[in-house]
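Step one of this worksheet: look at the structure below.
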Amino acid sequence: MKVVVVGLGYIGLPAAALISGKGIPVHGVDINEKIVTTINSGKIHFIEPDLEGLIHNAVTKKLLVADTKPAEADVFVISVPTPILDNFNPDLNYVENAVRSVIPYLQKGNLLIIESTCPVGTTEQMAELIFNLRPDLKNNLHIAYCPERVLPGNIIHELTSNDRVIGGLDEASTTEAANFYRQFVNGAMHLTNVRTAEMCKLVENASRDVSIAFANELSMICEEANINTNELIQLANRHPRVNILNPGPGVGGHCIAIDPWFIVSSYRDHSKLIEQARKVNLNKTEWVIEKIISKAKELEMVLGRKPIIACMGLTYKADVDDLRESPAIEIVHALKRNYYDIVSVEPHAQNGLQEKLETVSMEHAVKKADLIVFLVAHKQFRSLQIPGEKTVLDFCGVKN
Ligand SMILES: NC(=O)c1ccc[n+]([C@@H]2O[C@H](COP(=O)([O-])OP(=O)(O)OC[C@H]3O[C@@H](n4cnc5c(N)ncnc54)[C@H](O)[C@@H]3O)[C@@H](O)[C@H]2O)c1
């Protein structure tokens, strides 16, 4: 068996590493030449524990070769990005281009799997595209959708041990895809149809988004009602069937902040709650910016100058180094646009801070700043001592 993996990012590269680790030759494809060169030198282009060793091993044994072009194979895995456009509609160009790029290499009996997060119906659309250009493959190609649910920072473990939801265009495709994953996945295989598998990934993240929106909305209500949100949530969660999440400055990351839009854009009339949750979470970031500026203005009256603001945490959630779609970054940029002097702290900066934001140590920030704003509940912040004369705003409950 030979496998082509198209898109060698956070999802495709670890998958290529695990498949080749089972002795199956992998031809990895990426349009980014720099990424191809990096991988072929046995290195990786982002930080992920345990991945570099696996890649180095696979490249040395010639079980993994990266290239800018696909090749013939038995199985084709598509793991390219699916971002949203400015109007919140999905941008399917990457998936379409990736599928188009493998069409000349497809042969009868092959299996094509889409792993990219996609709106419902995308796999069927891609099948139509393939069969229009290659009618010879009709009824001779297995096509399936299998979403990824891995957590960056723990991808290798989760890729192997998480359950998989697999939906083929027909039963034979589902079975073929499940047989493929069984070679390197220990988690259970849950077999379904293609549209359910596509929707499953979207619903998982929309469900998280709605729950976070509830907590975020609550935090704004509590502020107006002069109630401590964290105390309220702790008390409400004493109810045996209530589990309210912690509020924060918004929602970030590569999935939860994006995937619900794939449902809304396709089913607008019936996704009012999902859309509203997205809006609540986006609005929460604006609300936080307003609160910081309002407090800064109060301090300016007292100090006779603009206060220095320490922004504590830049990643999209606690204890990771991932900055994608991070509300904290948006908040820092908004404060800078309002001409505030900012000192930013990100304890995980040394692990790959890609944004062009200078960071300082947390002790330095506390010493220098007049206003200390907690944006991410990193565990390092919990024991941080803050002198009584400093003004503190905690938007992530880390100082409770
Ligand atoms: N990163 C996550 O944590 C995560 C989790 C679950 C699902 N997903 C989904 O998996 C998919 C991939 O995400 P990712 O995080 O790996 O993205 P990524 O940006 O890290 O990597 C994608 C790679 O695909 C390459 N690419 C783009 N178009 C290509 C083409 N036509 N041919 C070959 N290569 C191409 C890019 O150069 C890039 O290196 C997305 O749909 C995402 O939503 C991601």
Side-chain angles (χ1 to χ4, degrees), residues 4-18 26-40 43-49 51 55 65-71 73 76-84 90-105 112-120 122-123 126 129 145-159 162-165 197-198 200-206 208-209 251-263 315-317 320-326 352 354:
V4 161
V5 176
V6 187
L8 299 174
Y10 280 83
I11 295 300
L13 190 59
L18 283 179
V26 175
H27 184 93
V29 184
D30 205 290
I31 44 170
N32 185 327
E33 282 184 24
K34 245 171 102 179
I35 290 178
V36 167
T37 310
T38 306
I39 294 166
N40 282 335
K43 297 203 167 66
I44 59 175
H45 57 98
F46 55 92
I47 289 158
E48 182 59 39
L51 181 59
I55 292 295
V65 176
D67 195 353
T68 52
K69 298 256 174 306
F76 293 79
V77 179
I78 307 292
S79 52
V80 294
T82 39
I84 41 168
D91 178 357
L92 288 178
N93 276 317
Y94 294 91
V95 172
E96 189 178 325
N97 289 338
V99 169
R100 280 184 187 278
S101 76
V102 301
I103 289 177
Y105 301 91
L112 180 127
I113 302 170
I114 300 180
E115 286 199 347
S116 301
T117 304
C118 288
V120 173
T122 304
T123 312
M126 293 305 124
L129 174 74
Y145 180 78
C146 179
E148 267 304 347
R149 306 142 140 176
V150 292
L151 187 68
N154 197 26
I155 294 183
I156 297 300
H157 171 73
E158 292 212 352
L159 259 185
N162 284 358
D163 284 11
R164 305 296 302 231
V165 172
E198 288 169 333
C200 187
K201 169 72 186 174
L202 306 182
V203 161
E204 287 160 14
N205 285 328
R208 303 269 303 148
D209 201 40
V251 171
H254 195 54
C255 292
I256 299 180
I258 295 171
D259 301 352
W261 289 119
F262 292 8
I263 302 179
T315 56
Y316 84 86
K317 66 174 179 179
V320 298
D321 66 1
D322 196 339
L323 297 162
R324 291 183 294 176
E325 314 289 325
S326 171
Q354 289 137 15

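Note: hydrogens, waters and symmetry copies are ignored here, and every other heavy atom, side chains too, is used. Just so you know, ligand 1 is whichever comes first in the structure, and atom 1 is the first atom listed for that ligand.
- Take Ala98 and apply the side chain to side chain contact (heavy atoms under 4.5 Å, CB included) test, not counting sequence neighbours, and it matches Val6, Ile78, Val80.
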Extract all N/O-N/O pairs under 3.5 Å that connect ligand 1 to the protein, and present each with both atom names and the distance rounded to 0.1 Å.
residue, atom, partner, partner atom, Å
ligand 1, 1 (N), Arg324, NH2, 3.3
ligand 1, 16 (O), Tyr10, N, 3.2
ligand 1, 16 (O), Ile11, N, 2.9
ligand 1, 20 (O), Tyr10, N, 3.1
ligand 1, 34 (N), Ile31, N, 3.3
ligand 1, 37 (O), Asp30, OD1, 2.6
ligand 1, 39 (O), Asp30, OD1, 3.4
ligand 1, 39 (O), Asp30, OD2, 2.7
ligand 1, 41 (O), Val80, O, 3.4
ligand 1, 41 (O), Thr82, OG1, 2.6
ligand 1, 41 (O), Thr117, N, 2.9
ligand 1, 43 (O), Thr117, OG1, 3.2

Counting only pairs under 3.5 Å, give me each side-chain donor-acceptor contact of residues 251-262, with atom names and distances, residues two or more places apart or in other chains.
residue, atom, partner, partner atom, Å
Asp259, OD2, Asn205, ND2, 2.7

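- We find that Arg324 and Asp322 are joined by a salt bridge, their nearest charged nitrogen and carboxylate oxygen being less than 4.0 Å apart.
- Here the straight-line distance linking atom CG of Asn40 with atom CD1 of Ile35 works out to 12.0 Å at 0.5 Å rounding.
- Taking a cutoff of 4.0 Å between a charged side-chain nitrogen and a carboxylate oxygen, Lys201 and Glu148 do not qualify as a salt bridge.
- For Arg149, the salt bridge (charged side-chain N to carboxylate O under 4.0 Å, His left out) partners two or more places apart in sequence, or in a different chain, are Glu204.
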